[in-house]
Amino acid sequence: MRRTLLIILALAFACALVSYAEKSAPRTITLSQSEITIDLAEGDSYTLSAEVTPESAGKSFKWRTSDSAVVTVEDGRITAHSCGSAHIYVSVHGFSEPKADCLVTVTDSRAPEKIVLYPSVLQLEPTRSAQIECVYLPQSARGEFVFSSSNTAAVQVDEHGLVTGVKPGTAVVTVKSAYSDSVRASVTISCEYKGRITDIRFEESSLELLKGESVPVHVSAQSEGGSEAYVFSSSDESVAAVDKNGVVHALSQGSAVISVYSYRTPSVSAGLPVRVNDPKLPVEISVSSPEGTLLRVGQDADLSIVFLPESADTGFTAVSSRPDIVSVNGSHVCALKRGFSVISVTSAYAPDLQTEIKLYVDDGSLCMEMPLRRTDESGIEANLARINAVEDCALGELDRLLAEGVIGAAERERRAECVSNAFKMYAFPWTVEKVTRYWRSANSENGAKNFKPGTIYYGLPYTSGVSHNRTYDTDRALAEGIYLPSQDGRYYVLNSELEDYGTGYMGSDCSSFIALALWGYTKYGGEVVKTNTLYYDGRLLTFKDASRLKPGDVLVRYSQHIVMFLYWADEAHTQAVFIQQGGSEPGINTVNTVMEELSDYTGSNYRLRRLAEF
């Protein structure tokens, strides 16, 4: 066995010797070209071929370049990179000789043969600029150049040959062809102050521009040697920008101050007020629906969107917060199903300018029209009818739950009592004979919440604190003569013989309103009922499943606010109607009903609570 293996190895070695012997040493190598020129402008590659003698010699060639910055080579394919000369060498692998070479000259017909600069010598002041003019020959070449400064601390140059003085010093600015490093020229630039500026001012007293205008300002400077080494700046470049030549560019409506100051002595300065006007800029946007804010399922409407001033750009985008309830396309809206959607309208020209309209969609099953917060005398009956309609819906929801066996008769009656107590305090129209200050001046929105003659308010007014002022329902307020019937008996008037501040008007706050609706009094265990007590009140139980909300349940946020749930506004049970004392409508604070997204409450740390007796 061992002998057989030795014989096999010997035969293999002999075959290898024979195979190697078949490849004789090369005697000559000949390239297809001994000299070539490549023009980068027309093509950046060329392929050489090599022949070797004798025919039996190996043909595994080894290629290399003498300057890879000029050309590179791979398998005879030459790639040019920059102007210059280089040799391409070729040999056979395993043999250093013989070898052949080709001289490659890389040119670029786009590069000029000569560049001449004007001026040939240049003097600048700091902040001043000058343009270097480049003349090149022949004219058939490309006039594309690369500029550089030997001392950028003193003189800077941009890609167009504009040189600018920075501070005293000297620099050499070099200009070379973008196609050949060897074609170049230079200019020496000195940067020195002509003198010290002692006074500077604008010839204009002010500027008023339209957006898009560009206007040069004119500066008068006094100096020892006619110095113009001054610079410009803007107090608000988003309104008006100024370039180094003193050209003011009006960018957006507003005011700015353009300043000029001595570069050498910045304390020598002057300011120029600039006002930019933009006639296309909307300053106010309003949206309304000619059909009103209450739509029927399937009803289409076109929103009326008005921009001020009349010259303002009228482009806008409109987005529906609930496209499943109200779709919107441009200004056209379509009511799809019961609920509400907030349509937000944003100016396309001024995206920060936005307004919105809340559209309610009624399918006839529930009241979707919320009562007004205030009217004049002529609107009393209609608004009371709206209030009664909302109450009827809440009570009707209790009847439905009773019929379906979700609640029993006793619970239905107790919940109805709570709801009716709240609406008794709501369906109470009243006014004042003289301006009555809001309970706390700091919260009055600069007097906007003061109660004013000629306005009919609904629901007892808001008053807070820990005093007895917040403990009133309508029965007690009438019994104590706080409110007196009007002559025609259609509304009530705050007794003008009382003081108009402090103890002058009685009402409730959000927590006492709910306490009065649930229990008829505003103290428990000797403690004044507030939202922080209702948050933990043992007479109430907490639950987490919002789908279990029923009329008479409450949502309370610790030390913030409390509302009573009335009924679902949409089929998905994501929107609901609530009754509350207070609310966020500007300039008013009385009892009201609102239709809101449930997530506005559950996402803001409101706790869901109901009477423990249930």
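Every value quoted in this text rests on a predicted model; they were computed, and no experiment measured them.
The minimum heavy-atom distance linking E144 with Y179 is given by the pair OE1-OH, 2.7 Å.
Not counting sequence neighbours, F202 has no partner by the ring pair (Phe, Tyr, Trp, His ring centres under 6.0 Å) test. Under the ring pair (Phe, Tyr, Trp, His ring centres under 6.0 Å) criterion, Y46 pairs with no residue, sequence neighbours left out. Not counting sequence neighbours, D302 has no partner by the salt bridge (Lys or Arg N to Asp or Glu O under 4.0 Å) test. Evaluation of the side chain to side chain contact (heavy atoms under 4.5 Å, CB included) rule for E291 yields S289, L295, Q299, A301 as partners, not counting sequence neighbours. The salt bridge (Lys or Arg N to Asp or Glu O under 4.0 Å) check on R322 picks up D324, D570, E597, with sequence neighbours excluded.
Q33 is listed as a side-chain neighbour of L48, based on a closest heavy-atom distance under 4.5 Å. Side-chain contact between R264 and I197 is absent, with no heavy atoms from C-beta onward closer than 4.5 Å.
Geometrically, R128 engages Y230 in a cation-pi contact defined by less than 6.0 Å to the ring centre and at most 45° from the axis.
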| task | Begin from the C-alpha positions of D199 and R201 and carry the test salt bridge (Lys or Arg N to Asp or Glu O under 4.0 Å) through to its verdict. | result | CA-CA 7 Å; D199 184 65; R201 64 191 61 195; 2.9 Å; yes
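Distance CD1/I343 to OG/S327: 8.5 Å, rounded to 0.5 Å.
Of the listed residues (N589, I588, N443), just one forms a side-chain contact (heavy atoms from CB on, under 4.5 Å) with K449, and that residue is N589.
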Show me the donor-acceptor pairs, under 3.5 Å and distance only, between side chains in residues 153-162 and residues at least two apart or in other chains.
{"unit_1": "D158", "atom_1": "OD1", "unit_2": "H160", "atom_2": "N", "d": "2.9"}
{"unit_1": "D158", "atom_1": "OD1", "unit_2": "G161", "atom_2": "N", "d": "3.0"}
{"unit_1": "D158", "atom_1": "OD1", "unit_2": "L162", "atom_2": "N", "d": "2.8"}

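When only modelled atom types and interatomic distance are considered, S24 and S56 share a side-chain donor-acceptor pair under 3.5 Å.
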